[in-house]
Amino acid sequence: MIKDSPQDTNIKVPLISKIAYGFGDVGCNFSWMFVGNFLMIFYTDVCAIPMAAVSLLMLISRFWDAINDPLIGSLSDRTHTRWGRYRPWLLIGAPLTAIVLVLTFWAHPTWSSGSKTLYMYVTYCLLVLGYTCVNIPYGTLCGALTQNIEERAQINTSRSVCAMIAINIINMVTLPLISHFGGENQAQGYLFVTILYGGIFTACHWFCFSKTREVVQAPVKEKLPLALQLKAATQNKPYLIALAGQFLFGVTLYGRNADLLYYFKYVENNENLFTVYSMILMVPSIVGAGAFPFVFRWLGNKGRTASLFAAGTGISMAALYFFSASLSPLPFYTCAALSQFFFCGFNTAIYAIVPDCVEYGEWKTGIRNDGFQYAFVSLGNKLGMAIGTASLAGVLGALGFTANQSQDAGVRAVIHHAFSTIPGILWIITAIVLFFYQINKNSYNRIIAELSSRKEDSSL
């Protein structure tokens, strides 16, 4: 390979590689989005674990994330194999994480409350570590495939389209599959579904590993102290904006996703409507994800593109408060479809931002640490997830939520607002934050040209 030459890195990525990269996020969602949407209700309604214990778990596990995310990011940056820096983590980490995923959803209803809670804490923290070992290298891999800004937009579009298809499939088929495999025994149903999803998780990441190629190499240099890497990150203003956006994204997305099944089960009083809801969102998911390149081409700024999509998500999601899936289905599902369209556009844009921030950071500070920076993006997202899910669980527990029973008006009101108005407001705040993102096509291309010039000069 010719060292650091522009013609090697500013390349067109083969279609099969874009598809394979997208399938990596299919795998991610068959683990992490499945966890985000179903694990909390699995703990409370199947394992009979108290809501307070679940809420505490979501907070404690983030301290664990604060340790392992930057660690895995730095380790992946320093990995050197014939397959590259990031791809080997997919090959080895995926099957091991799949095993832990199955153990996490292996219910033990006859165990004592203390034993079940301890098992929950151990398996969940191992799952978080395993997922980190796969997801951070996977996310960082995009920036190693090319430095062409348009190609990166297309790669992330493939990722988002595949992810949205996967998420909607998961939401449509999980409850029917649990019923099919378990009948009245939900614990058995969850276990068999997780075995299936763990296999999909592994196969998708192996496909991604086999059909992608890393061409963008980090500068060869001695190990960088953690303090120096953190200082470089604080000087990267676009990265800090992206980090804030990812934190808000995590609060909003995972808090609401954890609430979805509770909403249909306890507010709409029909759990099966969750499957209908997910089916209706399939088409707007794909269209919204596919719309990103066109809006980006129009605006020329990924942050502003994400801001526009976030604002649309917030407005249409807040409007859901005024309608009911059972009493006013047409306006309800119209608003739901609009919110999903805008959300999927945002989801594509927010992940497309990160590789460009890495280039900006290298240009600004001379330090390129893709995995380290992506680790803090992942950590910000997970911290948001912790706050979103723990807040929901904590408030519901304080109000007296009792699994598998009719809830009082206060509990139903919280579940209803967590489905609509609260995430709507948070999406508007996210839009305001991302509006201040400054890297556009012209400034990015100037950065890449200057980086290439520096590398050529240093090789003389």
Side-chain angles (χ1 to χ4, degrees), residues 12-13 15 17-19 21-26 28-29 33 139 142 145-146 148-172 241-242 245-246 248-249 252-253 256-257 277-320 333-356 381 423-424 426-428 430-435 437 439-442 444:
K12 298 287 185 181
V13 178
L15 178 61
S17 296
K18 294 174 183 174
I19 294 172
Y21 188 78
F23 264 79
D25 216 21
V26 172
C28 288
N29 282 288
M33 193 56 64
C142 175
L145 300 179
T146 181
N148 185 298
I149 192 170
E150 297 285 355
E151 287 294 294
R152 284 182 176 175
Q154 293 177 23
I155 292 168
N156 277 284
T157 298
S158 173
R159 172 184 183 174
S160 188
V161 169
C162 289
M164 292 306 108
I165 293 173
I167 290 169
N168 282 283
I169 290 174
I170 290 166
N171 290 341
M172 284 190 293
I241 291 173
Q246 281 284 353
L248 290 166
F249 179 36
T252 311
L253 174 67
R256 185 175 188 265
N257 282 358
Y277 173 82
S278 302
M279 291 175 62
I280 289 173
L281 299 189
M282 174 68 83
V283 173
S285 295
I286 299 170
V287 175
F292 163 69
F294 301 100
V295 181
F296 170 54
R297 200 169 295 127
W298 169 46
L299 295 177
N301 181 310
K302 293 178 182 177
R304 298 279 175 87
T305 302
S307 177
L308 179 64
F309 280 121
T313 307
I315 292 169
S316 50
M317 197 168 284
L320 281 168
Y333 287 116
T334 299
C335 290
L338 284 172
S339 69
Q340 189 70 6
F341 167 82
F342 287 116
F343 163 72
C344 292
F346 171 86
N347 187 67
T348 311
I350 193 66
Y351 286 107
I353 287 173
V354 180
D356 300 347
N381 187 269
L426 290 173
W427 276 116
I428 298 297
T430 305
I432 294 171
V433 169
L434 290 169
F435 182 80
Y437 182 85
I439 299 177
N440 56 36
K441 287 183 183 179
N442 293 332
Y444 177 82

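Numbers for residues simply follow the sequence, beginning at 1. All values below come from the heavy atoms of this structure, side chains included, with hydrogens, waters and symmetry mates left out.
Between the K302 side chain and the A352 main chain, a donor and an acceptor come within less than 3.5 Å of each other. Within the 3.5 Å criterion, the main-chain N or O of Y437 finds a donor-acceptor partner in the side chain of N301. Checked by atom type and distance alone, the side chain of N347 never pairs as donor or acceptor with a backbone atom of F343 at under 3.5 Å. The closest donor-acceptor contact from the side chain of E151 to the backbone of V13 lies under 3.5 Å. The main-chain N or O of A336 is found under 3.5 Å from a side-chain atom of S339 such that the two form a donor-acceptor pair. Judged by distance alone, with hydrogens and angles left aside, the side-chain atoms of T313 form no donor-acceptor pair with the main-chain N or O of W427 at under 3.5 Å. S307 contributes no side-chain N or O that, together with a main-chain N or O of G303, makes up a donor-acceptor pair within less than 3.5 Å. Within the 3.5 Å criterion, the main-chain N or O of Q154 finds no donor-acceptor partner in the side chain of S158.
No side-chain heavy atom of N171 sits less than 4.5 Å from a side-chain heavy atom of M279. Between F342 and S316 there is a side-chain heavy-atom pair separated by less than 4.5 Å. Annotation: side chain of P423 is not in contact with side chain of L426 (no heavy-atom distance under 4.5 Å). Taking 4.5 Å as the limit, some side-chain heavy atom of C142 sits within range of a side-chain heavy atom of Y21.
The shortest heavy-atom contact between S285 and L281 is OG-O, 2.6 Å. Shortest non-hydrogen contact noted between G290 and T157 is CA-CG2, 4.1 Å. G245 and T430 make their closest contact through O-CG2, 4.3 Å (heavy atoms, listed as atom of the first residue, atom of the second, distance). Of all heavy-atom pairs spanning A431 and A311, the tightest one is CB-N, 3.7 Å. Scanning all heavy atoms of the two residues, the minimum distance from A163 to D25 falls at CB-OD2, 3.2 Å. Smallest separation of non-hydrogen atoms from A306 and I353: CB-CD1, 4.5 Å.
The aromatic rings of Y277 and Y333 sit tilted, their planes meeting at an angle between 30° and 60°.
Rounded to the nearest 0.5 angstrom, C344 SG and F309 CZ are separated by 9.5 Å. Atom CE in M282 sits 10.5 Å away from atom CD1 in I167 (nearest 0.5 Å). Atom OG1 of T252 and atom CE of M317 lie 8.5 Å apart (nearest 0.5 Å). Here the CG atom belonging to L248 is positioned 10.5 Å from the CG atom belonging to N381, to the nearest 0.5 angstrom. Within the model, atoms SG of C162 and CD1 of I19 stand 7.5 Å from one another, a figure rounded to the nearest 0.5 Å. Rounding to the nearest 0.5 Å places CG of L145 at 10.5 Å from NZ of K18.
Both tests hold for K441 against F296: distance to the six-membered ring centre under 6.0 Å, angle to the ring axis within 45°.
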> Is there a side-chain contact (heavy atoms from CB on, under 4.5 Å) between L434 and T305 once you walk through the steps?
Replying inline: CA-CA 9 Å; L434 290 169; T305 302; over 6 Å; no

> Between I286 and I165, does a side-chain contact (heavy atoms from CB on, under 4.5 Å) hold up when you go through it step by step?
Replying inline: CA-CA 7 Å; I286 299 170; I165 293 173; 3.7 Å; yes

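Residues F346 and F249 bring their aromatic ring centres within 6.0 Å.
Within 6.0 Å of CZ in F23 there are 12 or fewer heavy atoms belonging to other residues, nucleotides or ligands.
R152 meets the salt bridge (Lys or Arg N to Asp or Glu O under 4.0 Å) test with D356, E359; sequence neighbours excluded.
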